[in-house]
Every structure is written in structure tokens, then in C-alpha cells.
Amino acid sequence: MSLRLYDTRSRTKRIFEPLVDGEVGIYVCGITPYSPSHIGHARQALAFDIIVRWLRYSGFKVNHITNFTDIDDKIIAIANEEEIDFLEVANRNIDDYFEVMSLMNVLPADAYPRVTETIPEIISMIDKLISNGNAYQSSDGVYFEIDSAPEKYGQLTGQTLEMVQEGAGGRVTETGSGKKNHRDFALWKSAKENEPSWDSPWGKGRPGWHIECSAMSLEYLGEKFDIHGGGSDLIFPHHEAEIFQSECCLNHEPVVQYWIHNGMINVDGEKMSKSLGNFWTIRDAISKVHPLELRYCLINAPYRQPVEFNDVMLEDSSNHYQRLISTYGQGLSLCDKGSWKNSDFLESANINFSNGMNDDFNTRVAIVEVQSVVKYLKEQIENDNIKEISASISWLSDFAGGILGLLPDDEIILKEIEKNNQAKSAVADLVNDLLNQRKIARDSKNWDRADQIRNELNEMGVIVEDSPSGPIWRLE
RNA sequence: GCAUGGGUGGCAGAGUAGCUAUGCAGCGGACUGCAAAUCCGCGGACCUGGGUGCAAAUCCCGGCCUGUGCUCCA
């Protein structure tokens, strides 16, 4: 089954055919680092992390570029408020981004270009747009003139120029600036007081929001590239603007072969937003659960769907994750990884998993397959079937680990188990002594005393479970 | 208003025509002094009105509801 992905421009799932055989160039719009990253950023990063992992697994050589918009109104405002340099604000939030992404097992992109390091390329692109007759200089900057390429309007949103004119309810009728037309958008903003700025043929200023991505994708991926991604909230105006800029500058279309967009996050049925008070940063979430539990939660729905996020969902994911990790760890401590290719069960799990991923990266279908292999592994552990245990952990390592990114390194898992065993042996004598007392109490049907001992153990963090072959205990 | 997605059991969420999705929760059972864990089993859904088909959650038409975008936003 070949890979199909949903392309926003054609509004259908299309079979993926790269421009260059065996290679993929993918550009993903990254964050504006004006505050610590929130779970919407996490969802986006995770979606594209898995997309890139799957493309690589499928044999493509992938060049993955994600940018940082490290100059912007909000960054400047915060810097002025704190009386520090704007780059300090950007850098501290970029550091935060890298840190939390790494905790969630997000593989780094191949490059992270920044606006402030791309100024010459941006200027030359604007220059080209002016000489092509697509942009004009005015009193407060340089603007792209939509009327110079009206046929390009609405390729992603399906809207036409007329629709926007009629439908916007008067909100956008005034230009309020040096624009010729309210639909035009800024390529270069002339510097105001107390603003960082760069020299340009049009005076001191800074780039408009959209031009950076056109310039950076051109620089890193060339005049045509395969995939452009980002959050669905960027479709308009940001990605529409990119189409105008890139295609008019380069004189060909399409520059981007496939546009893909991830869905937003809802919290308790409402859009997550600061004003509603239902806002989660990534650090909020990972103070409650393990970062990989958060990862599990955010990839549990296909990337295009809005995802429901709340405490219940987090807890649910946490249970699933614990089940995966503990079963995998058990298997890992029993034997080495072997090959899963000779196991009928695992081979069919492979087919289901791959079909799901090839159908527009359906991680939900993939996770169902992981769950079924976890169940299978438990059975094999029960039956002491070393060959299948070995094959199953290998399968999980490849798919749950390698593709979905849900497993920490084996050494970490084994070290955890080892640590837990040490902690257990440190209290073993004490626990066994109490369990003996409990046994005596139970033998004489002194249930009150037996339960009292079990409660004491609970308070020590020891969980006791009676099994047919005697009590089993573990640490919380 | 315009555009673009979506409406599946208590919850999350697959499924583009015929065969149990799955997980959590619930119920019943096994095992238990009890509890927990585990295992087995069960029930329960396809927004609505038409249409096409031997057969529709799945295709077509209408209606209703809803998310998102139209302003900075992953």
C-alpha cells in the first residue's frame, strides 16, 4: 500500500510522489517564542515528528526544516516590559522549547532557521517581488499587492476575493496604513521607536510575518519542495501569503507540492485559549504526568482531528502508557530482542500498523495495533514463550518506539527495573516479616489484624496483592 | 454571512456498502475472608428526513447541530 496524505490545497488524500525519487523536503512552520511552549505546540511537533519518522522508515531521505519566528510584536513588547534585549526573550523560550520537546522524544529537525539570521535573503526576495511588479513601497513599509496576482487567491481556503470583500462585516474595510488595499499584506515594516531594526533599501525596519517562511524554505529546500506543514490556524492568512510570495517571486507554481495541517486542541470541549483560563503549557502537563504519557495522549487522535484534552484524557493515556512500558520492560528483562518477521501474529500486526500509517498517518489505528501486541506479549510472558517474547519486544521497539516514539531507551527502562529491584530488596526483610505476621493472622482467620498489616504496608508504599500462590508485593 | 472540517455506544475514537474495531467506564462470572490484580464473558452506537442498492454508519439530496478560519495564534 502506498502512502497517501491529505493535501489542504486539493482537499483530498493524494498518493505521495516526491519531486526527487527517494527524497523528501519538508518545511514546518514553527513557533513564535514569546512565551513557554503550550500543548498546542507539542501536538504540532509530535504530529510532524511522527510524519518524519514514518517517511524515514518508509525509505525516504528526509530533510526536515522547522523555523523560529524570533522577532515579532509580542516578543518586542515583552522585551520592552522587562527592559531586556528581544533576543533574550526569544532565546529563553527557544531553550524551553528544545528542552520539553526532547523530554517528549521529539527528534530534532535537520535545521532550525531563524528570521533574524535570514534578513539578507528576505530583503532580496522582497526586492525581487518589487521588480516583478507584485509589491510596492509605501509610507510605512513594503506591501504585497494582491491585485497583482488575483488568480492565486484562496487556494487553501476556497475563498475568493469577492467573498472576503462581502463577508468580512466591515472589519477589514479600512486599510489603516500605507496599504493600497486592505487585503495587501506587509513584507517589510518600517521601524518604529524602540524597535529592533535592520537596514534595507526601504530604510530601517523588520520583515513582515509571512515573508520569512518563503525565504527560509527557499534557502533550505529550494525553488520547489515536497511538503509544507503547520497548524490549521495558519492556513489563512499565513500560508496563503506564502503562496503569493513564493510563486510570484520564483515565477512558477506550485512551489509546494503538498500542504498538510494539524488540528487544534480543545480543552473540556472548548478551544484552548488564555482568556478562557483553560490554557496548558507543556510544563503544566508534564508536572502531572510523564512526558511520554503526554506524548501518548496527544497522538491518540489522528493529526488532523481536533484533540480533546483534559485530566481524564491524560489519566487514560497514562494508564495505557504504563501498561505498554511495564509489559515491554518485563519482556526486556527476560530476553534479548530477536526478529519479529517470522511470527504470523506480529507480521499481521505490522501490516495493520503500516496500512494505518500509510493512510494519512493514522496514529490511532497504529496505537490500536500496539495495544494488541502488548496484549499478545503478556500472553507470551505468561506462557514462557521466549521466542515470541523476544520477537514481540523487537516489534514494539520498532513500532511503538521507533515510529511512535513512545519508548525510552532500553537502558533507561532496565535501569528503572534495576532501581526498583534494589529498592525492593532494601525493604524485603521488613516486608517479608510483616507478611509472615499477616499469614499467621490469616491462618487463624484474624482478618482485622491481617488487614491492619496490609494497611501498614500500604502506608509504607508497599502494595500487597494475594494470588493463588501466596501474596505478591510491589512498590508504588 | 462566506469558507472549510465534523456529527458513531457513558467517554475517547477507528471504520467509504455486506463479516466483533479497539481502549477506558459499566454489568456478570472465575479467583478471593475482604480488597487488589489478572483472566473469561455481556450489553450498548452509527444526528434527522428522503433517495439509490439485494444490501448503507459507509453513496446522493435536503434539514438540524457543531468545530475551525475570515484579526496575532501550533
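Note that the structure is predicted; figures quoted are calculated from it, not measured. In what follows, every chain begins at residue 1, and chains take the letters A, B, ... in the order their sequences are listed.
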Between the protein and nucleotides 17-25 of chain B, which nitrogen or oxygen pairs come in under 3.5 angstrom?
| unit_1 | atom_1 | unit_2 | atom_2 | d |
| --- | --- | --- | --- | --- |
| rU22(B) | O2' | Gln371(A) | OE1 | 3.2 |
| rU22(B) | O2 | Arg364(A) | NH2 | 2.8 |
| rG23(B) | O2' | His320(A) | ND1 | 3.4 |
| rG23(B) | O2' | His320(A) | NE2 | 2.6 |

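- Base engagement by Arg454(A) is indicated by at least one non-hydrogen atom pair under 4.0 Å involving a base atom.
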Show which side-chain atoms of residues 284-292 of chain A pair as donor or acceptor with protein atoms under 3.5 Å away, not counting sequence neighbours.
| unit_1 | atom_1 | unit_2 | atom_2 | d |
| --- | --- | --- | --- | --- |
| Asp284(A) | OD1 | Thr281(A) | OG1 | 3.3 |
| Asp284(A) | OD2 | Thr281(A) | N | 2.9 |
| Asp284(A) | OD2 | Thr281(A) | OG1 | 3.2 |
| Ser287(A) | OG | Asp284(A) | O | 2.7 |
| Lys288(A) | NZ | Asp311(A) | OD1 | 3.1 |
| His290(A) | ND1 | Leu292(A) | N | 2.9 |

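- Applying the salt bridge (Lys or Arg N to Asp or Glu O under 4.0 Å) test to pairs two or more places apart or on separate chains, none has a residue in residues 373-384 of chain A.
- Remark: Trp473(A) engages no residue in a ring-ring contact (aromatic ring centres under 6.0 Å, His included) (not counting sequence neighbours).
- When the P atom of rA74(B) is taken as reference, atom CD1 of Ile94(A) falls 13 Å away, rounded to whole Å.
- The side chain of Gln159(A) approaches rC2(B) more closely than any other nucleotide in the set rC2(B), rA74(B), rG15(B).
- Checked by distance alone, Arg304(A) brings no side-chain donor or acceptor within 3.5 Å of a matching partner on the base of rG5(B).
- Across rA74(B), rC34(B), rG13(B), the shortest atom-to-atom separation from the side chain of Gln44(A) is found for rA74(B).
- Under 3.5 Å, the side chain of His261(A) and the base of rA74(B) form no donor-acceptor pair of N or O atoms.
- Comparing the P positions of rG7(B) and rC47(B) gives an interatomic distance of 8 Å, to the nearest angstrom.
- Across rG18(B) and rA25(B), the matching C1' atoms stand 31 Å from one another, rounded to whole Å.
- Rounded to an integer number of Å, the gap from Ile453(A) CD1 to rG33(B) C1' is 15 Å.
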Checklist line | Evaluation steps, side chain to side chain donor-acceptor pair (under 3.5 Å), between Asp398(A) and Trp340(A) | finding: CA-CA 10 Å; Asp398(A) 285 355; Trp340(A) 50 264; 2.9 Å; yes
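- Val312(A) comes within contact range of no nucleotide atom at all, as no heavy-atom separation falls under 4.0 Å.
- Separation of the Phe361(A) and Trp54(A) ring centroids does not fall under the 6.0 Å cut-off.
- With rA12(B), rA74(B), rG13(B) as the choices, the nucleotide that has an atom nearest any side-chain atom of Met313(A) turns out to be rA12(B).
- Residues from residues 63-74 of chain A with heavy atoms under 4.0 angstrom of RNA chain B, sorted by number: Lys74(A).
- A 3.5 Å limit on both hydrogen-bonding distances identifies rG23(B) as the Watson-Crick or G-U partner of rC11(B).
- Of the candidates rG13(B), rA74(B), rG33(B), the closest approach to any side-chain atom of Ala301(A) belongs to rG13(B).
- In this structure, CD1 of Ile472(A) is placed 18 Å from P of rC31(B), rounded to the nearest angstrom.
- Nearest nucleotide to the Glu465(A) side chain, out of rA36(B), rC34(B), rU4(B): rA36(B).
- Taking 3.5 Å as the limit, the base of rC31(B) and the side chain of Asp466(A) contain no donor-acceptor pair of atoms between them.
- No donor-acceptor contact under 3.5 Å links the side chain of Asn300(A) to the base of rG13(B).
- Looking at residues two or more places apart in sequence or on another chain, you find no salt bridge (Lys or Arg N to Asp or Glu O under 4.0 Å) involving Glu347(A).
- For the C1' atoms, the distance from rA45(B) to rC54(B) is 25 Å, rounded to whole Å.
- One can place CZ of Phe309(A) at 21 Å from P of rG67(B), the figure rounded to the nearest angstrom.
- Nearest to the side-chain atoms of Thr157(A) among the listed nucleotides rC34(B), rA3(B), rA14(B) stands rA3(B).
- For Tyr97(A) and His41(A), the ring centers sit 6.0 Å or farther from each other.
- For the C1' atoms, the distance linking rC42(B) with rG5(B) amounts to 37 Å, nearest Å.
- Not less than 6.0 angstrom separates the ring centroid of Tyr220(A) from the ring centroid of Tyr27(A).
- For the P atom pair drawn from rG9(B) and rA21(B), the interatomic distance equals 13 Å after rounding to whole Å.
- A close approach under 4.0 Å does occur between a side-chain nitrogen or oxygen of Tyr6(A) and OP1 or OP2 of rG5(B).
- The distance between atom CG of Asp7(A) and atom P of rG5(B), rounded to the nearest whole Å, is 12 Å.
- Within the 4.0 angstrom heavy-atom criterion, no nucleotide atom of any strand lies near Ile235(A).
- Comparing rA57(B) with rA17(B), their C1' atoms are spaced 10 Å from each other, to the whole Å.
- Per the stacking criterion (ring centres < 5.5 Å, plane angle < 30°), Phe236(A) does not stack onto the base of rG69(B).
- Remark: C1' of rA12(B) and CG of Leu298(A) are 14 Å apart, rounded to the nearest angstrom.
- Under a 4.0 Å N-O distance rule, the pair Asp140(A)/Lys192(A) does not qualify as a salt bridge.
- Among the atoms of the strands shown, none is found under 4.0 Å from any heavy atom of Ile463(A).
- Within the nucleic acid shown, Pro302(A) comes within 4.0 Å of sugar-phosphate atoms alone, with no base atom in reach, counting heavy atoms only.
- The base-pairing partner of rG5(B), taking Watson-Crick or G-U wobble contacts with both distances under 3.5 Å, is rU66(B).
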Next item on the list: Take Asp49(A) and Arg53(A), measure what salt bridge (charged side-chain N to carboxylate O under 4.0 Å, His left out) needs, and give me the verdict at the end.
Entry: CA-CA 6 Å; Asp49(A) 180 45; Arg53(A) 285 167 183 254; 3.0 Å; yes
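- Residues Ser343(A) and Glu388(A) have side chains that bring a donor and an acceptor to within less than 3.5 angstrom of each other.
- For Lys152(A), the NZ atom counts as densely surrounded, since its 6.0 Å shell holds more than 12 non-hydrogen atoms of other residues, nucleotides or ligands.
- Here rC59(B) sits opposite rG51(B) as a Watson-Crick or G-U wobble pair (both hydrogen-bonding atom distances under 3.5 Å).
- Counting non-hydrogen atoms under 4.0 angstrom, Arg438(A) reaches a base of the nucleic acid.
- Under the side-chain contact (heavy atoms from CB on, under 4.5 Å) test applied with Tyr303(A), the options Asp360(A), Ile50(A), Leu46(A) reduce to a single match, Asp360(A).
- Look at rG28(B): its Watson-Crick or wobble partner, with both distances under 3.5 angstrom, is rC40(B).
- Remark: P of rU71(B) and NE2 of His238(A) are 16 Å apart, rounded to the nearest angstrom.
- Here the separation of rG15(B) from rC59(B), taken at their C1' atoms, is 15 Å to the nearest Å.
- A straight line from CG of Asn266(A) to C1' of rA74(B) spans 14 Å, rounded to a whole angstrom.
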